[in-house]
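What follows is a set of notes on a single structure, which appears directly below.
These values consider heavy atoms only, across backbone and side chains, with no hydrogens, waters or symmetry-generated copies. Counting starts at 1 for both ligands and their atoms, following the listed order. We number each residue from 1, following the sequence as shown.
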Amino acid sequence: MIDLRSDTITQPTAGMRAAMASAEVGDDVFGDDPTVIELERRVAELLGHEAALFVVSGSLGNLLGVRSLVEPGGELLCDVEAHIVRHELGAHAAVHQVTTRTFSSDGGRVSADRVWALAAPDAGPYAVSTAAVAVENTHGGWGGVVQPHAELVELSRRCRAVGIGLHLDGARLWNAHVATGTPLAETAALFDTATVCLSKGLGAPVGSVLVSSRARIAQARIQRKRLGAGWRQAGILAAAGLYALDHHLDRLAEDHDHARALAALVPGAPTPETNMIMIPTSRPAVDVVADAAAAGVALTANDPHTVRAVTSLAVTADECVRAGQVLADLR
Ligand SMILES: *Cc1c(COP(=O)(O)O)cnc(C)c1O
């Protein structure tokens with residue numbers, strides 16, 4: 001099977017497994033795990049923030065990051081297709097009493113003006129006040145699009161001027177960085193809190209990292225433990241993340257090349273910006289997914305008339321070409 005369902009399906013490579021097996025570890029709840037400490041130091045530095053917290057999932061990173069910016073009852077604004085409102089099962093409301101309102105966008109690209117049309121930093125006693133805005137980069141729900149840097153700069157400027165927090169869901173910030181050459185810190189430093197995933201295109205089996213100020217990360221560490229997500233010899237997992245940063249970051253460019261090559265073979269498929277191809281279908285997307293599976297290509301239906309293919313280190317250039325040929329015939 002050529003597996004293009006997601007970049008989460010990657011398996012740890014032999015080199016990564018060796019790094020995990022030989023990792024020096026300690027009790028991370030005591031703050032004693034040298035490999036976790038090294039991963040947190042490294043990611044904080046890469047992203048231009050003071051401190052970092054290694055967590056089990058991107059959803060937990062988002063949950064803790066947003067909570068550090070929004071008090072119970074406060075409002076978070078995000079894109080209508082954001083992972084935070086579509087794929088975290090209501091966690092921000094169910095766990096932290098955060099209310100959300102969504103803004104529309106031009107294919108997932110954030111517009112500071114459209115966010116500002118909704119933002120209400122001080123709404124008084126009759127309406128909910130906006131405490132924070134979240135932006136996803138790349139935007140998975142919209143096919144891995146890269147956020148326009150100038151809009152992020154403008155949004156950050158406006159948020160800081162009125163005290164609205166800004167959170168980056170950067171699960172695939174790595175892909176945006178590799179696609180554009182914009183340094184990770186140049187984007188992440190526009191935000192008060194940011195998350196990145198190690199378990200997507202970077203190929204680690206588990207893990208995400210939240211970055212922010214020292215004070216916010218100290219609070220997030222407490223809240224993580226409160227939620228039962230403190231962990232002990234987590235350095236085994238942090239070692240996979242460090243290995244991924246050393247060996248799998250630059251190679252994301254190959255995934256982007258493979259995605260473009262696949263899309264070029266499928267009439268009607270837009271040219272992907274990163275590692276996701278959104279393919280409009282003339283038949284129900286679930287039928288195309290079933291027929292593609294029968295032909296040896298695993299995909300997902302993104303909506304009733306769009307299928308999504310995601311390239312990663314789990315698929316080769318030749319497999320992507322083969323998948324493109326299969327999909328050209330199936331739409
Ligand atoms: C994958 C992903 C997350 C986190 O997902 P987990 O499965 O909880 O690790 C968050 N945001 C985006 C945009 C993602 O793609």
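For ligand 1, the atoms lying closer than 4.0 Å to a non-hydrogen atom of Arg172 are 15 (O).
With values rounded to the nearest 0.5 angstrom, Lys200 atom NZ is found 6.5 Å from Ser6 atom OG.
Among all non-hydrogen protein atoms, the one lying nearest atom 7 (O) of ligand 1 is Ser59 OG, 4.5 Å. For atom 14 (C) of ligand 1, the closest non-hydrogen atom on the protein side is Lys200 NZ, 2.7 Å. Protein heavy atom at the shortest distance from atom 13 (C) of ligand 1 is Glu136 OE2, 3.1 Å. The protein non-hydrogen atom at the shortest distance from atom 11 (N) of ligand 1 is Asp169 OD2, 2.6 Å.
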Check: After noting the C-alpha distance and the side-chain angles of Arg42 and Asp246, does the key distance pass the salt bridge (Lys or Arg N to Asp or Glu O under 4.0 Å) rule?
Finding: CA-CA 11 Å; Arg42 180 120 174 242; Asp246 287 336; 2.7 Å; yes
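Within the 4.0 Å cut-off (strictly below), a protein heavy atom is located near atom 5 (O) of ligand 1.
With hydrogens and angles left out, the side-chain atoms of Asp303 and Thr306 include a donor and acceptor closer than 3.5 Å. Between the side chains of His49 and Ser212, no donor N or O sits under 3.5 Å from an acceptor N or O. No hydrogens or angles considered: a donor-acceptor pair under 3.5 Å links the side chains of Thr182 and Thr180.
Polar contact check, Gly58 against ligand 1: a nitrogen or oxygen pair lies under 3.5 Å apart. The shortest N/O to N/O separation between Ser208 and ligand 1 does not fall below 3.5 Å.
When heavy-atom distances to ligand 1 are checked against a 4.0 Å cut-off, His139 has no atom that comes that close, whether in backbone or side chain. For Thr195, no heavy-atom contact with ligand 1 is shorter than 4.0 Å. When heavy-atom distances to ligand 1 are checked against a 4.0 Å cut-off, Ala171 comes that close only through its side chain, counted from C-beta outward.
The aromatic ring centroids of His83 and His87 lie less than 6.0 Å from each other. For Tyr243 and His248, the ring centers sit closer than 6.0 Å to each other.
Put simply, the residue from Thr311, Asn175, Thr274 that forms a side chain to side chain donor-acceptor pair (under 3.5 Å) with His256 is Asn175.
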